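Scope of the values below: all heavy atoms of this structure, side chains included, with no hydrogens, waters or symmetry mates. Note that the structure is predicted; figures quoted are calculated from it, not measured.
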Amino acid sequence: MMINKVGRSLPEQIEHYGKVTPYAGAFATQKDGVKTGARLKSFKRGEKKLLSGIREAIEKSGLRDGMTVSFHHHMRNGDKVVNLVMQEIAAMGIKDIRLAASGIFECHAPLVELIENGVITQTVTNTFNPGPVAKAITAGKLAKPAIFMTHGGRPRAIESGDLHIDVAFVSAPTCDEQGNMNGTKGKSACGYLSYSYLDAQYADSVVAVTDTLVPYPNCPIEITSEFVDYVVVVDSIGDPGGIVSKTLKVKTDPVSLQIASNAANLADAAGYIKDGMSFQTGASGASLAAAALVRDMMKERGIKGSFGLGGIHSYFVQMLEEGLFKALFDTQCFDLVAVESAGKNENHMAISASLYANPHNRGAIVNYLDTVLLGATEIDVDFNVNVITGSNGVIMGASGGHSDTAAGSKLTIVVANLTRKAICVVREKVTTVTTPGETIDAFVTEHGIAINPLRKDLLEAVKDSGLPIVDIRELKAKGEEIAGPQVAQEFTDKLIGVVEYRDGTVIDLVYQPKGYEFQQQ
């Protein structure tokens, strides 16, 4: 028998209960726990989370050589936190860091020097914009291959343990001293912090970095204090003006309007412009122009859709406010109109990246999509799509939600100009496979619409529509007639990137293009 602190006699074992741990005091038996795979830490009453700065947070987190740090990309090209933290890590002499940033942009140019100095030896990302870091990786400067994931693949990897995060740094537009965070308020409001939810839940240590410390409790709370170890206040987490994409504008030139018309009419002819419809579009000008035409169709016919999904922009906000959609499911805001909407409209809802697109959960919303419009740097005659590299092999992007939405949507439409400068977008084989052709239903250009032969039902549905349906090889021939014969890029044997499909399998490898030299401008 055992005696606990309040004098009760207890057995060491109880049948149908198990081993007995005697009460030893209100705070004597606190320990870390595990709940649904996420690591929880126990804090004592009165323990302070608010620290003096980033260096103290790094020291207390126990970060050391060879570990993984993570960041989210909701500030997009206005982000300052990645550079602040990584430069402090470098100043502390820590090296061989795996940088698991959900997105890397032009503003992260200072990371190139850290790559060259061995502070950063690998990147894991699902959003990549053309810029100095992409060029440095193309030039083979990373010691270890970059890993390209999808928006759904990243949370799958975190939840499964394939991507273990030692320290997560979460940029918080508002935060209280206990770590309750919100992304839609404050001077640096960026919208919902969806891509950081899993980082906060699963990382061994979590640091909230804010430029607006508010009294406890922060309201409303988006990420709760139970997951946060430390809070740091900095002058600025970023410039919200950098959130807006350069491409986020409806194109009105004749070619783009023709592509948009073909895409919208294809979705309509296939029967997906209807009551209860769901829809997602990328941020390219042609995609937005198609979305504008879909909006006109819905208004003219009195169609009420179910939801818009993904990165949210002002055009989606307008459709929500006009009653054309019941709800918006938001993973990131693409402009400041969307940020404002997220902060005030209860039908503009935050979702985690896992709920958005993780293929290994019970309800990924991409699986309920009717139509998605996507872009491409290349597409081949088997409908495989490349959005990671250009035809010259230079890294230009990452999968984002491309593969996820293509797999889940009932109708996946890729839109692109048939030619760009002297390049035909249709190739015999794409330079890098990002999204497999089996999940692409149609390719829409200004010169016609190619439908994947696997979609016999779609071919049947549109056969009498009057749409300019052509074989994809006809588009290839037309593009080469305009742009000239296409010469495939040659590559070295140096592996610079691994492209993961959303389920964690490897769909392609990226090698350094021959003759490519890094030039930072």
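Dense packing is recorded around NZ of K144, with more than 12 heavy atoms of other residues, nucleotides or ligands lying under 6.0 Å away.
Residue pairs meeting the ring-ring contact (aromatic ring centres under 6.0 Å, His included) criterion with at least one partner in residues 170-200, sequence neighbours excluded, are H73-Y195, H74-Y195, H151-Y195, Y192-H348.
Between the side chains of D79 and H72, no donor-acceptor pair of N or O atoms lies under 3.5 Å. Side chain to side chain, T127 and N129 fail the donor-acceptor criterion of an N or O pair below 3.5 Å. Using a 3.5 Å distance cut-off with no hydrogens or angles, the side chains of S409 and Q280 do not pair a donor with an acceptor.
In this structure, the separation between OG on S287 and CG on L374 is 7.0 Å, given to the nearest 0.5 Å. With rounding to the nearest 0.5 Å, the separation of CG in L163 from CE in M149 is 5.0 Å. We find the CG-CZ distance between N358 and R502 to be 8.0 Å, quoted to the nearest 0.5 Å. Atoms OH and CG, on Y23 and N4 in that order, are 8.5 Å from each other to the nearest 0.5 Å.
The heavy-atom pair separating S188 from G238 by the smallest distance is OG-O, 3.6 Å. Nearest approach of N386 to T432, heavy atoms of both residues: CB-O, 2.8 Å. Considering every non-hydrogen atom in both V119 and A90, the closest pair reads CG2-CB, 3.9 Å. Contact record, F105 with N77: CB-OD1, 3.5 Å, taken as the closest heavy-atom pair.
Under the 4.5 Å side-chain criterion, counting only non-hydrogen atoms from C-beta, F279 is in contact with L373. Taking 4.5 Å as the limit, every side-chain heavy atom of F316 sits out of range of all side-chain heavy atoms of L309. Annotation: side chain of I395 is in contact with side chain of I496 (closest heavy-atom distance under 4.5 Å). Using a 4.5 Å heavy-atom threshold, the side chains of M86 and I97 count as touching.
In this structure, S160 contributes its side chain and R156 its backbone to a donor-acceptor pair below 3.5 Å. Proximity of a side-chain donor or acceptor of D176 to a complementary backbone N or O of P217 within less than 3.5 Å is not detected.
Ring geometry, F334 versus H313: the interplanar angle falls under 30°, so the pair is classed parallel (tilted spans 30 to 60°).
For the pair K304 and D275, the salt-bridge criterion is not met [side-chain N within less than 4.0 Å of a carboxylate O].
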